[in-house]
Undergrad: 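I am attaching a structure below and will ask some questions about it afterwards.
Counting starts at 1 for both ligands and their atoms, following the listed order.
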Amino acid sequence: MKLVEHFEAGLDAPICLTWELTYACNLACVHCLSSSGRRDPRELTTAECRAVIEELERMQVFYVNVGGGEPTVRKDFWELVEYATSHHVGVKFSTNGSRITASRAEWLRGNDYVDVQISLDGATAEVNDRVRGAGSFATAVRAMEHLAGTGFKLSVVVTRENAGQLDAFKALADRYGAQLRLTRLRPSGRAVDVWDELHPTAAQQREVYAWLLAHGEEVLTGDSFFHLSAFGEALPGLNLCGAGRVVCLIDPVGDVYACPFAIHDAFLAGNVRAPGGFAGVWRESELFARLRSPQGGGACSSCTFFDSCRGGCMAAKFFTGLPLDGPDPECVLGHGEAALAVRERRPPKPRVDHSRVRACDESPVAGLA
Ligand code: SF4
Ligand code: SF4
C-alpha cells in the first residue's frame, strides 16, 4: 500500500491536529478562519485541557498546532504549553506577537519542543494592517526582533493584496533567521464574507505556483496549495485533502471538526467532553468513517490532473456553496469560476461567530483597495 493510501484510509491518531485554545483575540483580522474575537464562556478549563493533553500523549500525537483566537491571551497558556511538552506533546503555536516579550523569547529560545509562528498578511504595514488592523505590523515586527535567530516561522496567508510580495516576505523571514510559511486563503470563518475580494486572481495563482516551484522545500506550505499542482509539475507534499483522515480540529469548547477550515455542523464529529474523549471521536465518529471511505471524484474524475489536484479543498467548496464532488472554486482550469457563476446553493455561514462588532463593520473589507 502506498503512503498516500494509508493516509486516505485514516490513521490511529491525527498527524496534523490543530487545537484552538480560545476564541478570544485582541485583533479582528477580516479573514479570521474561526471568526474570533470574544471568549466563549464554555471554553475548556485548565483541568480539561490537561486531560486532553494526557489523552494525546496516550495516542502518541507527537505535536499539536495551537491557535485561536490569540492563544496567548489565555491566562494558563504557558502553563499548558509546559504541561504538553512535559507529556511528550510538542507545541507549534500561532500568534500575532503581542505577548512575545524579550524574556518570553529567551524562554522559547531554550525550548526545543515549542515552535512559534508569527502571523503577517503583508510585507509592509500598509498591506498588513488593512487586513489585521492598525499597529499589527509593528507588533509582529517587535516580536520577530525578540525571536531573531530562534528559527521561528513567519506565517502568511496568500491574498490578492499580498500575492505580489512573496519575495519581500522571504527577505523579511531571512532577515530574522525565520522560515517562511505560506498558506492558502480558504473561505472559512469571517473569510466567507471577504473571499470574493481577497482570494488571489487566476493570474496571481499562476505566479504563486511558479514561485512555490522555484522555492521548493525551503518554503513551508502545509500542503495547502495542492490544487495548483494542476498547472503541471506537482508541488511537494501529499496532494490530498486530509480532513478527518490525518487532519482535525479541537475548538475552544472541545468540539472536534474534520478540519480547522470546516467549523460547521456539517463537519462536526463530536466533543472531547463526551465519555470516549478525543480518542473516541477520532476513532469512532461516523463522519470521520465516511471521510475515510473511498471517495469518488465526481465531476473531476475525468480531469487529466485529478491525481495531483483531486478536486481541491473540501472546505473551499463547501463555504463557496459548490458541490463537494465537483471542482475547487479556484480550479486552475477555470471550472470553479464557471460553477460559481451558476451555483444554486447559497454559501453557508460559519457555525459559530465570536466576532466583536467593530466601528468599520458596515463592510468587512472597508478600507481595502
Ligand atoms: S478541507 Fe481543505 S484545508 Fe481542510 S484538509 Fe481538506 S484540503 Fe486541507
Ligand atoms: S477539474 Fe477538478 S481535478 Fe481538474 S484541475 Fe479542476 S478542480 Fe482539479
Undergrad: Using a strict cut-off of 4.0 Å, indicate which atoms of ligand 1 neighbour a heavy atom of F226.
TA: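 Checking each atom against F226, I get 7 (S).
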Undergrad: Could you list the atoms of ligand 2 found under 4.0 angstrom from a heavy atom of C331?
TA: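 What qualifies from ligand 2 is 1 (S), 5 (S), 6 (Fe), 7 (S).
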Undergrad: Ring-plane angle category for F152 and Y176, please: parallel below 30°, perpendicular beyond 60°, tilted otherwise.
TA: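 It falls in the tilted class, 30° to 60°.
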Undergrad: Under 4.0 Å, heavy-atom basis, I'd like to know which part of A230 is in contact with ligand 2: side chain, backbone, both or neither.
TA: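 Looking at A230 and ligand 2, just side chain atoms fall under 4.0 Å.
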Undergrad: Is the H199 ring parallel, tilted or perpendicular to the W195 ring (thresholds 30°, 60°)?
TA: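 H199 vs W195 ring planes: parallel.
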Undergrad: At less than 4.0 angstrom from any non-hydrogen atom of C303, what atoms of ligand 2 do you find?
TA: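 Every atom of ligand 2 under 4.0 Å from some heavy atom of C303: 1 (S), 3 (S), 4 (Fe), 5 (S).
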Undergrad: In terms of residue, atom name and distance, what is the protein heavy atom nearest to atom 8 (Fe) of ligand 1?
TA: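 For this ligand atom, the closest protein heavy atom is R186 NH2, 4.3 Å.
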Undergrad: Return the residue, atom name and 0.1 Å-rounded distance of the protein heavy atom closest to atom 6 (Fe) of ligand 1.
TA: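 Atom 6 (Fe) of ligand 1 sits closest to the protein heavy atom C241 SG, 2.3 Å.
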Undergrad: Give the ring-plane orientation class for F318 versus F267, where under 30° counts as parallel, over 60° as perpendicular and anything between as tilted.
TA: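 Perpendicular: the ring planes of F318 and F267 meet at over 60°.
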Undergrad: Just to confirm my output: which protein heavy-atom neighbour is closest to atom 1 (S) of ligand 1, and how far is it?
TA: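 Atom 1 (S) of ligand 1 sits closest to the protein heavy atom A315 N, 3.4 Å.
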Undergrad: For F261, take its heavy atoms, then give the atoms of ligand 1 lying under 4.0 Å from any of them.
TA: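 The list of qualifying atoms is 3 (S).
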Undergrad: Should D328 and K317 be marked as a salt bridge (Lys or Arg N to Asp or Glu O under 4.0 Å) after you check the CA-CA gap, both sets of side-chain angles, and the distance that decides it?
TA: CA-CA 6 Å; D328 187 283; K317 290 187 256 201; over 6 Å; no
Undergrad: Check ligand 2 against H335 and write out every atom of the ligand that is under 4.0 Å from a heavy-atom position of the residue.
TA: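 Near H335, meaning under 4.0 Å from one of its heavy atoms, ligand 2 has 1 (S).
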Undergrad: Step through the shown structure and confirm whether more than 12 heavy atoms of other residues, nucleotides or ligands are within 6.0 Å of CD on E286.
TA: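 Counting neighbours around CD of E286, 12 or fewer heavy atoms of other residues, nucleotides or ligands fall under 6.0 Å, so no.
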Undergrad: Closer than 4.0 Å to some heavy atom of M314 - which atoms of ligand 1 meet that?
TA: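 Ligand 1 atoms under the 4.0 Å threshold to M314: 1 (S), 2 (Fe).
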Undergrad: With the threshold set at under 4.0 angstrom, would you say D328 reaches ligand 2 through any of its heavy atoms?
TA: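 Within the 4.0 Å threshold, so yes.
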Undergrad: Give the atoms of ligand 1, by number and element, whose distance to some non-hydrogen atom of C313 is under 4.0 Å.
TA: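 So the atoms of ligand 1 that pass are 1 (S), 2 (Fe), 3 (S), 7 (S).
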Undergrad: With a 4.5 Å limit on heavy-atom distance, are the side chains of T18 and I250 in contact?
TA: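 Contact flag for T18/I250 side chains = no.
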Undergrad: Establish, for the pair R245 and W282, whether the NZ or CZ atom is under 6.0 angstrom from the six-membered ring centre and no further than 45 degrees off its axis.
TA: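 R245 over W282 ring: no.
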Undergrad: What residue and atom, counting heavy atoms only, is the protein's closest point to atom 2 (Fe) of ligand 2, and at what distance?
TA: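 Its nearest protein heavy-atom neighbour is C300 SG, 2.4 Å.
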Undergrad: Out of all atoms in ligand 1, which are within 4.0 Å of some heavy atom of G242? Include the element for each.
TA: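 So the answer, numbered in order with elements, is 5 (S).
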Undergrad: Does G311 come within less than 4.0 Å of ligand 2, judged by its heavy atoms?
TA: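 The answer is yes, since G311 has a heavy atom less than 4.0 Å from ligand 2.
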Undergrad: Checking a contact table here: which protein heavy atom is nearest atom 4 (Fe) of ligand 1, and how many Å away?
TA: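 Ranked first by proximity to atom 4 (Fe) of ligand 1 is C259 SG, 2.3 Å.
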Undergrad: Less than 6.0 angstrom separating the ring centers of F77 and F93, yes or no?
TA: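 Close enough - the centres of the two rings lie under 6.0 Å apart.
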Undergrad: Could you go through E79 and R50, starting from their C-alpha distance and side-chain angles, then the distance that decides it, and tell me whether this counts as salt bridge (Lys or Arg N to Asp or Glu O under 4.0 Å)?
TA: CA-CA 10 Å; E79 178 192 333; R50 285 182 175 181; 2.8 Å; yes
Undergrad: Could you check whether atom CD of E48 has more than 12 heavy atoms from other residues, nucleotides or ligands sitting under 6.0 Å from it?
TA: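 For E48, atom CD is crowded (more than 12 foreign heavy atoms under 6.0 Å).
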